[in-house]
Amino acid sequence: MADILQIRRPASGTEAELAITEATIRATELRQFDIGGEPLATFDPGFMNTAVCHSAITYIDGDAGVLEYRGYPIAELAEHSTYLEVAYLLLNGELPNPTQLADWESQVTEHRTLPDKLKTVLAGFPYDAHPMTILMASVAAFYSFYPDARNFDDPAARSLNITRLIAKMPTLAAFAYRKGKARPYVNPDDSYGYCHNFLAMLFKQAERRYVADPRLIRAMEVLFILHADHEQNCSTNAVRSVASSGNDLYTCASAGIGALHGPLHGGANEAVLKMLREIRTVDRVPEFIEGVKAGKVRMMGFGHRVYKNYDPRAKIIKKSVEDVFEVTGVNPLLEVAKELERYGLEDEYFVKRRLYPNVDFYSGLIYEALGFPPEMFTVLFAIPRTSGWAAQYQEFITDSEQKIARPKQIYTGSRTRSYVPMEERD
């Protein structure tokens with residue numbers, strides 16, 4: 001027998017049986033209930049309990065602290081894979097074999113270079129422009145150079161533009177970084193892998209060849225893997241919503257970058273670093289904790305909208321922090337972070353509220369150790385998330401269930417007023 005939800009409204013005598021499928025009901029089936037001349041609807045600010053799509057890309061069990069890409073646990077991918085291998089998985093549903101991976105890496109390498117005229121666009125930004133602003137505007141501008149992106153119903157055109165975007169994002173990010181430093185751009189080096197090339201474009205100085213420590217390259221690979229996708233978060237929802245009106249990948253990804261730029265989404269790791277600097281030393285942690293409990297200050301990097309357990313990405317990043325500090329030297333703020341984490345895991349106040357460390361808690365320490373200024377932190381989030389956005393975009397436009405996004409509203413304004421001539425208005 002099918003699972004059903006029985007609804008009865010005594011005031012009207014209306015009854016209905018709504019089918020429950022995958023722990024959901026179809027919201028449109030509520031319309032059969034008439035409420036004062038209006039069909040019944042749900043009110044759900046922030047989509048706290050509303051599913052908007054079927055997706056086979058990323059699975060999250062927040063209560064258990066589980067994150068999987070296409071069924072593969074995030075810890076296994078972070079330990080064994082490269083970022084481009086994971087990007088292939090997100091886009092194609094399966095891990096690549098050696099031939100497929102080599103071909104995919106070759107395609108990405110081929111498309112790393114930016115159009116020459118886009119450099120003129122970059123030159124128009126002030127030297128102190130935020131790199132996320134540059135990233136957002138420049139990604140949107142890609143459509144001017146690659147108008148075939150609107151042929152998204154053509155699998156070949158769609159695949160080509162996905163490859164272009166994933167390939168060019170590190171180059172664009174590196175150019176934005178070096179523009180802010182008033183340094184000449186460093187073009188991609190085809191002999192380097194994805195993450196090594198990114199570090200070279202960022203930090204190469206006068207040396208003939210920039211050779212990064214393998215531990216730093218691996219740390220960047222891990223961070224990129226952890227940030228590649230995260231289900232229907234704010235920026236992914238923005239990408240899907242803009243795609244619903246028939247837009248190209250570049251326009252949709254630009255919307256995702258705009259959503260990610262908000263401090264409530266992509267800027268939390270910068271806030272964690274600010275908090276750690278304000279605490280300064282381990283002996284001041286108890287005083288800070290008391291301030292948190294009294295509601296005077298916020299504990300940044302703890303708690304998550306989805307995870308009600310230890311964020312699985314945070315555990316992996318903690319190990320990467322130690323690897324990076326072997327190369328760069330230990331930041332004394334690491335001890336402050338570890339002491340805060342101890343409170344989060346042991347203190348009844350935090351345990352009761354299920355406020356565990358999230359992915360942002362340690363990532364800022366890594367980015368700072370690698371030499372990135374705080375304004376680049378969200379850019380480092382956007383680069384790997386591009387593969388997730390592209391996979392979500394591809395899934396959306398090939399999903400026959402999807403329609404143009406148009407949520408309902410509850411109108412609270414005035415109704416049907418008579419126009420008052422200007423001379424009669426007070």
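Numbers for residues simply follow the sequence, beginning at 1. In this text the structure is predicted, and so the values were computed from the model without any measurement.
- A donor-acceptor distance shorter than 3.5 angstrom exists from the side chain of R425 to the backbone of V420, with no hydrogens or angles considered.
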Got a list of side-chain donor-acceptor pairs under 3.5 Å for residues 372-379, not counting sequence neighbours?
from, atom 1, to, atom 2, distance (Å)
T378, OG1, G266, O, 3.4

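- Evaluation of the salt bridge (charged side-chain N to carboxylate O under 4.0 Å, His left out) rule for E29 yields no partner, not counting sequence neighbours.
- Formation of a donor-acceptor pair under 3.5 Å by the Q402 side chain with backbone atoms of V52 is found in this model.
- Residues I316 and A78 share a closest heavy-atom pair of CG2-CB, 3.8 Å.
- Q394 places a side-chain N or O within 3.5 Å of a backbone atom of L91 that can act as its donor or acceptor partner.
- With contacts defined as side-chain heavy-atom distances shorter than 4.5 Å, the pair F142/K168 qualifies.
- Using a cut-off of 4.0 Å between Lys/Arg side-chain N and Asp/Glu carboxylate O, E339 and R342 are scored as salt-bridged.
- Interatomic distance, Q392 CD to H230 NE2, rounded to the nearest 0.5 Å: 11.5 Å.
- Counting heavy atoms from C-beta outward, V86 and F224 have side chains that stay 4.5 Å or more apart.
- The structure places CD of Q232 at 12.5 Å from OG1 of T50, a figure rounded to the nearest 0.5 Å.
- Judged purely by distance below 3.5 Å, without hydrogens or angles, the side chains of Y83 and S387 pair a donor atom with an acceptor atom.
- Counting heavy atoms from C-beta on, the side chains of S235 and W389 come closer than 4.5 Å.
- Atom NE2 in H227 sits 12.5 Å away from atom OG1 in T386 (nearest 0.5 Å).
- The closest donor-acceptor contact from the side chain of E335 to the backbone of P332 lies at 3.5 Å or more, if one exists at all.
- Heavy-atom minimum distance, L226 versus R313: O-CD, 3.5 Å.
- Atom CZ of R183 is surrounded by more than 12 heavy atoms from other residues, nucleotides or ligands within 6.0 Å.
- In the displayed structure, D128 atom CG is contacted under 6.0 Å by more than 12 heavy atoms of other residues, nucleotides or ligands.
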Name the atoms and distances for all side-chain donor-acceptor pairs under 3.5 Å in residues 249-264, with sequence neighbours left out.
from, atom 1, to, atom 2, distance (Å)
Y250, OH, N161, OD1, 2.6
T251, OG1, D248, OD1, 2.7
T251, OG1, D248, OD2, 3.2
S254, OG, M136, O, 2.9

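- A side-chain donor-acceptor contact under 3.5 Å links T236 and N233.
- A donor-acceptor pair shorter than 3.5 Å cannot be found between the side chains of S55 and E231.
- A salt bridge links R240 to E395: one of the charged nitrogens lies within less than 4.0 Å of a carboxylate oxygen.
- Using a 4.5 Å heavy-atom cutoff, the side chains of V282 and K338 are not in contact.
- Among all heavy-atom pairs drawn from F203 and L370, the shortest one is CZ-O, 3.4 Å.
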Inset, instruction - Take S138 and L122 through the test side-chain contact (heavy atoms from CB on, under 4.5 Å) and record every step on the way to the result. - result: CA-CA 8 Å; S138 299; L122 293 174; 3.6 Å; yes

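- In plain terms, the two heavy atoms of Y343 and P286 that are nearest each other are OH-CG, 3.6 Å.
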Inset, instruction - Evaluate the criterion side-chain contact (heavy atoms from CB on, under 4.5 Å) for residue pair V139 and M169; output intermediate values, then yes/no. - result: CA-CA 8 Å; V139 168; M169 282 292 280; 3.7 Å; yes

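- Ring orientation note: the planes of F381 and H265 are nearly perpendicular, at an angle over 60° on the 30°/60° scale.
- Side chains of L380 and Y177 form no contact here, defined as non-hydrogen atoms less than 4.5 Å apart.
- Looking at L365 and V324, their side chains never come closer than 4.5 Å, going by heavy atoms from C-beta outward.
- The neighbour count for Y411 OH, taken as heavy atoms of other residues, nucleotides or ligands under 6.0 Å away, is above 12.
- Looking only at side-chain heavy atoms (C-beta outward), R209 and S191 come within less than 4.5 Å of each other.
- Under the 3.5 Å distance criterion, the side-chain polar atoms of S159 are left unmatched by any main-chain donor or acceptor of P155.
- In this structure, CH2 on W104 lies 9.0 Å from OH on Y88, to the nearest 0.5 angstrom.
- Side chain of K179 to backbone of F125: a donor-acceptor contact under 3.5 angstrom is found.
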Inset, instruction - Please step through side-chain contact (heavy atoms from CB on, under 4.5 Å) for the pair L276 and N331, ending with a clear verdict. - result: CA-CA 11 Å; L276 295 176; N331 186 332; over 6 Å; no

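- K319 places no side-chain N or O within donor-acceptor distance of the main-chain N or O of E322, the cut-off being under 3.5 Å.
- Put simply, the side chain of N247 gets close to the backbone of V242: a donor and an acceptor are under 3.5 Å apart.
- Residues satisfying the ring-ring contact (aromatic ring centres under 6.0 Å, His included) criterion with Y143, sequence neighbours excluded, are absent altogether.
- Taking the six-membered ring for Trp and thresholds of 30 and 60 degrees, F302 and F361 have ring planes more than 60 degrees apart, a perpendicular arrangement.
- More than 12 non-hydrogen atoms from other residues, nucleotides or ligands lie less than 6.0 angstrom from CZ of R284.
- A distance-only check finds no donor-acceptor pair linking the side chain of N92 to the backbone of E94 [under 3.5 Å].
- For the pair R354 and Y356, the cation-pi test (distance below 6.0 Å, angle within 45°) is failed.
- Put simply, CZ on R178 and OH on Y185 are 10.0 Å apart, with the number rounded to the nearest 0.5 Å.
- Applying the ring-ring contact (aromatic ring centres under 6.0 Å, His included) rule to pairs touching residues 39-77 yields nothing, sequence neighbours excluded.
- In this structure, T82 and Y194 have side chains that are not in contact, with every pair of non-hydrogen atoms separated by 4.5 Å or more.
- Residue C195 holds its SG atom at 9.0 Å from CD1 of I383, rounded to the nearest 0.5 Å.
- Relative orientation of the Y393 and F152 rings is perpendicular, given thresholds of 30° and 60° on the angle between their planes.
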Extract all donor-acceptor atom pairs below 3.5 Å that involve side chains of residues 107-114 and protein atoms in other chains or at least two apart in sequence.
from, atom 1, to, atom 2, distance (Å)
Q107, NE2, D103, OD2, 2.8
T109, OG1, E105, O, 2.9
R112, NH1, D189, O, 2.9
R112, NH1, Y192, O, 3.3
R112, NH2, Y192, O, 2.8

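- Looking at K274 and E278, a side-chain N of the basic residue comes within less than 4.0 Å of a carboxylate O on the acidic one, giving a salt bridge.
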Inset, instruction - List the steps, then state whether side-chain contact (heavy atoms from CB on, under 4.5 Å) holds for L95 with L77. - result: CA-CA 10 Å; L95 287 168; L77 293 172; 4.2 Å; yes

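- A donor-acceptor pair under 3.5 Å links the side-chain atoms of S244 to the main chain of S241, judged by distance alone.
- Salt bridge status for R280 with E287: absent, with no side-chain N to carboxylate O gap under 4.0 Å.
- Heavy atoms only, all atoms of each residue included: Y349 and V292 are closest at OH-O, 3.7 Å.
- The shortest non-hydrogen separation linking A176 to I134 is CB-CG2, 4.0 Å.
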